[in-house]
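Each residue takes its place number in the sequence, starting with 1. If you're wondering where the values come from, they're calculated on a predicted model, not measured in any experiment. Because only heavy atoms are used, hydrogens play no part in the values below, and waters and symmetry mates are left out as well, while side chains stay in.
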Amino acid sequence: MLTLALRSFAHHRTVAVATGLVALVGTVLVSSMTSLLATGLAEGTAAADRPFLVQFPLIMGGWVVAIVLFAMVSTIGVALGGRAGEIAGLRLVGATPRQVRLMIAVETLAVSAVAAVPGLAGGYLLGWAVIGAIRDTGLIAGVSVYTPGVLLPVAGTLVVMAASVVAAWFGSRSLAFRSPVADAAPPARRRTTKRPGRGRRVAGVAAIAAGLASSTAVLGMDPASVLTTAMTGPGCVLVAAGLSTLAPEFLALVSRLLGAVRGRRGAAAHLAAINLSAAPDRVRPAATFLTLFTGIAAGTLSMQGIENAAGAGGGAGQLMASINYLVVVLISAFMAIALSNNLIASITRRRAEFSVMTLVGATRAQTLGMLVREVAAAAVVSVAAGGLGAFASVLPFAIVKTGDPLQAAAPLVYAGTIAAGMAVTVGVAVLAGRRTLRAA
């Protein structure tokens, strides 16, 4: 099994690079937080600085691990879409679903191990930079020096590796259990009561409910308590993650809306509507990660705007501002990388389709226009879902802090977040589409 995994790893370099980049950035983020935690627990750290240097990395580290796991599952799922033929061949020669999943898990572990060393080094550097920035704001004393040690940063790296293996095991389940002759077999005549994707929808709704419950709990808390932010932040993450798992349902809604629009449409728009209806999984990565990015970024920045409107100041106010801004920066970078990887992988697999379109007379401009319209439609519904999720998550926080529910709707914050997400999504789609078209 190990030999087979290594051969497959060497053959699928593009898949390995996409997974490796997510693992690399995840390792940098998690190991930097564990480095800060080690500094907070070090003997040389001032007693007054310990609460901040322990609470801050614990809050951030929990969010980052959850997001890394989610991103790894999505990335592996998209990457495996291009290996359906290979997996079917292995099944035909006798490989069991468990062996297939084990092979993919070993591949992913190998990729994560390669990314571990540079990721750990990057985590040390990022932790050092964060400590310097925190010291410059006056939140910690100058006598507290950066003491990352070895044990906790390495433990953070191992957590990312373990998360990657778990993501590979669960992300490969659907493909591993798929029949290798499913496409050739006639459809089953017996009726079934089990709806495809039911478990995913239940998990998404449960995450949304848990996130809203966490956010709503602040209504019974003291407005000056740090717990209001500690409950609302994870609430935003849970709601955004739950909405992102419902991306197929959002895309189906867009497809129905486009199908209901009558009138004259150009060739590119007509083809985009057909593709969204027939193969929505092609743009599902964009919808998934853009929903997650919009929900977390808009919600977190709105929370900070509410803190500013409430007049929060002093050490606690600076602490919350530091956490919120750093969350947005790190998550934005991570989501941009994950989104780009998944978009490039899904667009590259469409080379044969683009070749056929060229043979039947479609121009490059028409094909690229079709691709951009597909991605743009997915982006629009994603930012709408993420924005609504962020507003619902932050609404109780705004009521508690200011008494004004409208503070949860910050126009500049939402406009900036949506513009950034749309720019990255459409920009990557255009660049990857042009490259694939040239190859086709």
Side-chain angles (χ1 to χ4, degrees), residues 20-69 71-72 112-164 225-227 229-230 233-234 237 300 304 307 312-334 337:
L21 282 175
V22 176
L24 174 63
V25 179
T27 303
V28 170
L29 297 180
V30 175
S31 60
S32 66
M33 292 300 105
T34 53
S35 297
L36 294 180
L37 180 60
T39 301
L41 298 175
E43 295 182 358
T45 301
D49 299 335
R50 290 184 186 277
F52 172 78
L53 291 177
V54 171
Q55 294 176 16
F56 177 72
L58 284 177
I59 294 173
M60 276 291 300
W63 295 5
V64 169
V65 169
I67 294 171
V68 167
L69 180 61
M72 288 293 291
S112 300
V114 171
V117 175
L120 182 60
Y124 275 113
L125 292 176
L126 180 59
W128 173 78
V130 171
I131 283 288
I134 293 173
R135 186 181 293 111
D136 291 340
T137 62
L139 289 177
I140 61 174
V143 297
S144 298
V145 297
Y146 182 47
T147 314
V150 176
L151 182 61
L152 285 180
V154 170
T157 303
L158 294 177
V159 166
V160 175
M161 295 176 65
S164 67
S225 174
V226 177
L227 289 176
T229 300
V237 175
T300 307
Q304 186 55 46
E307 290 277 8
Q318 292 180 357
L319 170 62
M320 292 301 104
S322 301
I323 291 177
N324 289 337
Y325 290 135
L326 187 59
V327 164
V328 173
V329 170
L330 296 180
I331 289 177
S332 298
F334 187 74
I337 292 174

- [ ] Enter the distance from L24:CG to L120:CG here, rounded to the nearest 0.5 Å.
- [x] 11.0 Å
Task: Under 3.5 Å donor-acceptor, T39 side chain and T147 backbone - done: yes
Open item on the list: Minimum heavy-atom separation for A23 and V160, please, with both atom names.
Closed with: O-CG1, 4.0 Å
TODO: State, to 0.1 Å, how close A116 and T27 come at their nearest heavy-atom pair, and which atoms those are.
DONE: O-CG2, 4.0 Å
TODO: Measure across P153 and G149 and return the closest heavy-atom pair with its distance rounded to 0.1 Å.
DONE: CG-O, 3.8 Å
Open item on the list: T34: which residues meet the side-chain hydrogen bond (donor to acceptor under 3.5 Å, both in side chains) condition with it, sequence neighbours left out?
Closed with: none
Open item on the list: Using the rule given for side-chain contact (heavy atoms from CB on, under 4.5 Å), can you reason through I131 versus L53, listing the C-alpha separation, both sets of side-chain angles and the distance that settles it, and then say yes or no?
Closed with: CA-CA 9 Å; I131 283 288; L53 291 177; 3.8 Å; yes
- [ ] Considering non-hydrogen atoms only, spot the tightest contact between E43 and R50 and give its length.
- [x] O-NH2, 3.5 Å
Open item on the list: As an exercise, state the distance from CG of L152 to CE of M33, rounded to the nearest 0.5 Å.
Closed with: 13.0 Å
Open item on the list: So does L41 get a backbone contact from the side chain of T45, meaning a donor-acceptor N/O pair under 3.5 Å?
Closed with: no
Open item on the list: Is there a side-chain contact between V237 and T300 in this structure, where contact means two heavy atoms from C-beta onward sitting under 4.5 Å apart?
Closed with: no
Open item on the list: Using 0.5 Å steps for rounding, measure from the OG atom of S31 to the OH atom of Y124.
Closed with: 8.0 Å
Open item on the list: Less than 4.5 Å apart, side chain to side chain, heavy atoms only: is that true for Y146 and S35?
Closed with: yes
